[in-house]
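Notes follow the structure.
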Amino acid sequence: MYSSIQTSALLGVEALPVRVEVDISSGLPSFTMVGSLCQEVRESKDRIQAAMKNCGLDLPASRITVNLSPADIHKDGTAYDLPILIGILSCLSFFPTERTEGTLFLGELGLGGEVKSVRGVLPIVRKARDLGIHTCIVPRANEREAAVVPGIRIRSADHIRQVLEYLQTGEEEALPVAAPVSVQEACEESSVPDFSEVCGQENAKRAAMISAAGFHSLLLTGPPGAGKSMIAKRIPGILPPLTLEESLEVTSVHSVAGLLPPGVPLIRKRTFQAPHHSLSLPALIGGGVSPRPGAISLAHRSVLFLDELPEFQKNTLDSLRQPLEDHLIHIARARYNITYPADFLLICAMNPCPCGYYPDRNKCRCSETQIRHYLGRVSGPILDRIDLCVELKGVDLKDMRKPAEGLSSAEMRAAVEKARAMQRERYAGTQVRFNSDLSPKEIERFCALSPQEHAYLESVYDKIGLSARSYHRVLRVARTIADLEGSASIERNHLLEAIYYRPDLSYWKG
Amino acid sequence: MFTLYENEISREERLCALWLCSVPWIGSATVYRLLAEYGSCTAIYHETESRREVLPAKTYHTLLTQKEKVRPEALEEQMERTGMRFLLPGDPDYPERLLNIPDPTFGLFLLGNLPPADRPSVAVIGARGCSAYGTEVAKELGSALGAAGISVISGMAVGVDGLAQMAAVDAGGYSCAVLGSGADVCYPRSNRRLYEALRERGGILSTYGPGTPAVAGHFPPRNRIVSGLCDFLVVVEARQQSGTLITVDMALEQGREIYAVPGRITDRLSDGCNGLLGQGAQVYLSPEILIRELLEYTEGRIDDEKSRRRKSFSGRESANPYPKGTDLHVIFSALDFTPQTPEELAQRLEKSGTPLPTETIRLSLMSLLLEGTATQVSQNTFRKS
C-alpha cells in the first residue's frame, strides 16, 4: 500500500513543493521516517502516534516508511505532521485516494488531534496556486493569511476529525471554503505616530523627508533627549503605502519568521524594526541552526533603526555592508544556502560622545581620546554608506510648550510621493528605483549639472575635503532634493542643501 | 644664582648624576638633600651602603634596588641610541631661566634643542577638553608666536597645549614640550605628529629618565619647568580647580607675568580664566598686543601707551564682505566665534528685526562655508572664520 500527499518546504522565503510518500507493508512493526529531516520533523512520529490513538484511530502493527521527497532537501518545521498523518490514513484506505489529489496539506498536530498554526503559509499557498493546486488545507489560525491569495480554495481545520470527515464524506460543509480576504479588508488600523508632534528640529524632519523620498540612509546625532528616536519612529509614516506586491513580500518574510501578528492576514503598513544593540550577527542578517530571517529582512521595504550605533558590535554592523548594496542577503551554511530579501531604509542614531553632550563643553567633559574612541566604534565603511547626516540640538522647554507648527506626516508623505513619482518616471525601463541606487555611471546620466553648477561643485570639492565617494553622495542627495522641489534640473540650492547634510568624516576623525 | 658645580663636571660625576636622576621617585628636592649629606653624586652612588645611617630607610632601599637594576653606563648607552642629552645646573647649556627659579631642577633630559636663550618665550597652557573657542584661540596664538620667532613652551597635552605647540611648529617657529614621562616616551600617543616635529625642529624636556612612563604624580614638577622656561604665561581655557591653575601658582612664585583669555561667564571652561582676571592677571586680547607687550617686557621698556592701546582695542571684528541688504550680509553679521546652529541664528535674526527662514539660513551658511568666511564646527554648528 502506497500513498503520496502534497505539502511544501521553505527555502528562505521561497516555497518548494514536497511530497509525503507513505508505504505500509507487512513485516516487523516499525515506523521509519527518511528524507533529510531535522529534529522537529523526526519528533513528528510521536505526535502522530499519540494524536491517532487519542482520536480513536488504530495504527496497524506493520512496517511503515515515510519519505519526504525530494529527499536531499533539508526539512525543518512542524508543518509536516498533518500531511504525514493524511498519508498514513490514505494508505490505510480511510478515504478515497482521489480526494487528496490536487490538495496541499499543512499543519502541526497536538497530542489530542488539534491542528496548530505553522510558519510560512503565505509563500507556500502562493507557490501552490502557481503550481496548479486547487485546494489547500491549513490550520484555522492560518486561514486568513492563506485566504489573501486569490485563485485557490482554502479550507481550514482546528481538529483532524474535521479533515477526516471532509475526506471521507467529500461534503463541502465539513470543511467549508474560507471567504477570500480582500486587500482593503486586510488594512490594519494605522497607529504610526505623527511628525506634527515633533517640536522644533525642522532640519531633522527635512532630512527625514529627503531620506524617505530617495531611500537614503540617515544618521541622527545629538544629545540624549533631543528626539532622535522620536523622529526615527515617525519615518515609516511618511513612506508611501506598500503596494500589493510589496505587501505580499513583507508578509511572506514575517510569515516565514513566524512573526505575523495573530489576526493580521497581510502586513499593509511599513514596519519599524528597532533591534537592541546587543543583537547577534545571525539575529541581524538572518541564519541560525534552522534558518530564520534577521532584522534586516523583517525591515524589508521598511525602516531598520539602529539606536546607539557605537554600542553595536563592530562585526555585526559591518555585515550590513553587502545587504545595503545588494538589497538582499545570501546566507551560506554547510546545510543550506538561502536568500532573504533585505531592501531596508537604514536609520541610525548616536550620541556624539560617551556622555552625549559634545560639542557643548559646559556639559560634556569627555576627553578628546574618549570621543575619538567612541566615534571610532562606527567603522568607516558603514559611514561611507550613509547618505545623510543631521545633528540635533537639545530641546528647550519653551520650545516644547509652543504649539507644534511644523509639517505633519500627511504633508510630508505627499511630498515624498511626488518625489517618488518623479523618480519612477525618470528611471522607467532601468534597474534603478530610487536616487540612492544610482551608480557613478548613472549619476553622470541622471544627475547632470549645468556647466556653471558643475564648475561650482568642482571648486568646493577641495575646499571642504569631499572624497570621490562623498562627491557622488552629494549628487544623489541633491537629485532627491530637486525631486522634492519638483525641479527637473539640479540647482545651486539643491547642491548646497545636499552638502549641508553630508556626513562630515572629519568630525569622526577628530 | 645656583652654584653647585663651579668647575667643570667630571665624567664620573656626570654619569652618577644621570643615574641618580633616573631613580624613580627621587625628585630634585631629595637629590639636593642627598648632595648636602654626601657632597657629590659619585659619593652617593659609591657610598650608598657604607653611609647607610644618613639615609631614610625608604630612600636607601630605592637607591639600592636601582643600583642592582641599572648601571650608569647602560643608561648612557640607552640615551646615545636616541640622541638624548643630559644637562646639569653647572653646564653652560643649562637654561638660565631655570637657574633663576626657586629650587632649580637638578638634572634635565633633552631631545632636540633647548629654547634659544636670546629669544623671549611664552607658555601657552589650558584645558585638555577645550571648546571650539579655546581651540581657535590656542591655534591663533601658537601660530602668531611661531611666526614671530617667539618660543612656545607647553606640556604637549591634548587640547590647548598641543594645539598651540602644533600651530607654532607649523608656522615655522620653535616650541618646547616639557613631559611628565621620559623624553623618549610620546605621551599622549595621539600627539605623535607633534612629538616627531618637536624632536626635529623643537625640543622635548623631561626630568625623568629614559623610558619612564607618564604617571599622575609626575605632572606637577613638570609644570614648574613649563612656567620656569617662559617669560609670559597665557592661560587659554581652564575650569575652576583645574590643574592648569597649579601651573599659574608656580609661575607667580617664579615671578612670571600671567595672561588669561577672557571667556563668557556662562562657560564653565572659562571660569578659571575669568577668576584669574579677577585676581589681577593681565587680559589677553590678541596675539599682536601680547607679542608687543612681551617684546617691551623683555627689552626692559615700560610703555605708557599700554593702557591706551588696550582701551582702543575693538575686539575681533572682521569686515563684512557681502553687499548690504543681501541675505549673506545679514547672516554673516549674525555669526560670531561661538558655534551656533541655523535655528539659533534664526532666533537671533528674528530678535534683531531681520527674520529669515531657517532654510535660507542653512543654504546661506553653506555658501559662506564654501567661500571660507564661515567654519563648520560640528555637523550643525557654525561660526565665523
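Contact annotation: the side chain of A/I499 approaches that of B/M366 to within less than 4.5 Å [non-hydrogen atoms, C-beta and beyond]. With a 4.5 Å cut-off on side-chain heavy atoms, A/Y500 and B/L369 do not count as touching.
Within a 6.0 Å radius of CZ in B/F219, other residues, nucleotides and ligands contribute more than 12 heavy atoms. Other residues, nucleotides and ligands contribute over 12 non-hydrogen atoms within 6.0 Å of the CZ atom of B/R383. For A/H373, the NE2 atom sits in a loose shell: 12 or fewer heavy atoms of surrounding residues, nucleotides or ligands are nearer than 6.0 Å. Crowding of B/R128 atom CZ: a count of heavy atoms from other residues, nucleotides or ligands under 6.0 Å not exceeding 12. Within 6.0 Å of CZ on B/R193 lie no more than 12 heavy atoms contributed by other residues, nucleotides or ligands. Counting non-hydrogen atoms of neighbouring residues, nucleotides and ligands closer than 6.0 angstrom, the NZ atom of A/K233 reaches no more than 12 such neighbours. Within a 6.0 Å sphere centred on CD of B/E350, heavy atoms belonging to other residues, nucleotides or ligands number 12 at most. Surrounding CD of B/Q241 are at most 12 heavy atoms belonging to other residues, nucleotides or ligands under 6.0 Å away.
Nearest heavy-atom pair, B/T381 versus A/K393, reported as atom, atom and distance to 0.1 Å: CG2-NZ, 4.5 Å. Residues B/Q379 and A/R502 come closest through the heavy atom pair NE2-O, 2.6 Å. Summarising the geometry of B/S190 relative to A/R372, their closest heavy-atom pair is CB-NH2, 3.6 Å, with the distance given to 0.1 Å.
For B/P339, no part lies near chain A; criterion is any non-hydrogen pair under 4.5 Å. Using a 4.5 Å cut-off between heavy atoms, A/Y456 touches chain B through its side chain atoms alone. Using a 4.5 Å cut-off between heavy atoms, B/S367 contacts chain A through both its backbone and its side chain. For B/E371, the part lying under 4.5 angstrom from a heavy atom of chain A is the backbone only. Only the side chain of B/R239 comes within less than 4.5 Å of a heavy atom in chain A; its backbone stays farther off. Heavy atoms closer than 4.5 Å to chain A are found in the side chain of B/E344, but not in its backbone. Heavy atoms closer than 4.5 Å to chain A are found in the side chain of B/T341, but not in its backbone.
For the atom pair A/L392 CG and B/E343 CD, the distance stands at 9.0 Å (nearest 0.5 Å). If you take CG on B/L269 and CG on A/N362, they are separated by 7.0 Å, rounding to the nearest 0.5 Å. In this structure, CG in A/N493 is found 5.0 Å from CG in B/L363, a value given to the nearest 0.5 Å. One finds the CD atom of A/E497 at 6.5 Å from the CZ atom of B/R362 (value rounded to the nearest 0.5 Å). The CG atom of B/N380 sits 8.0 Å away from the OG1 atom of A/T221 when rounded to the nearest 0.5 Å.
Below 4.5 Å, heavy atoms of chain B meet heavy atoms from A/R206, all part of residues 206-218 of chain A.
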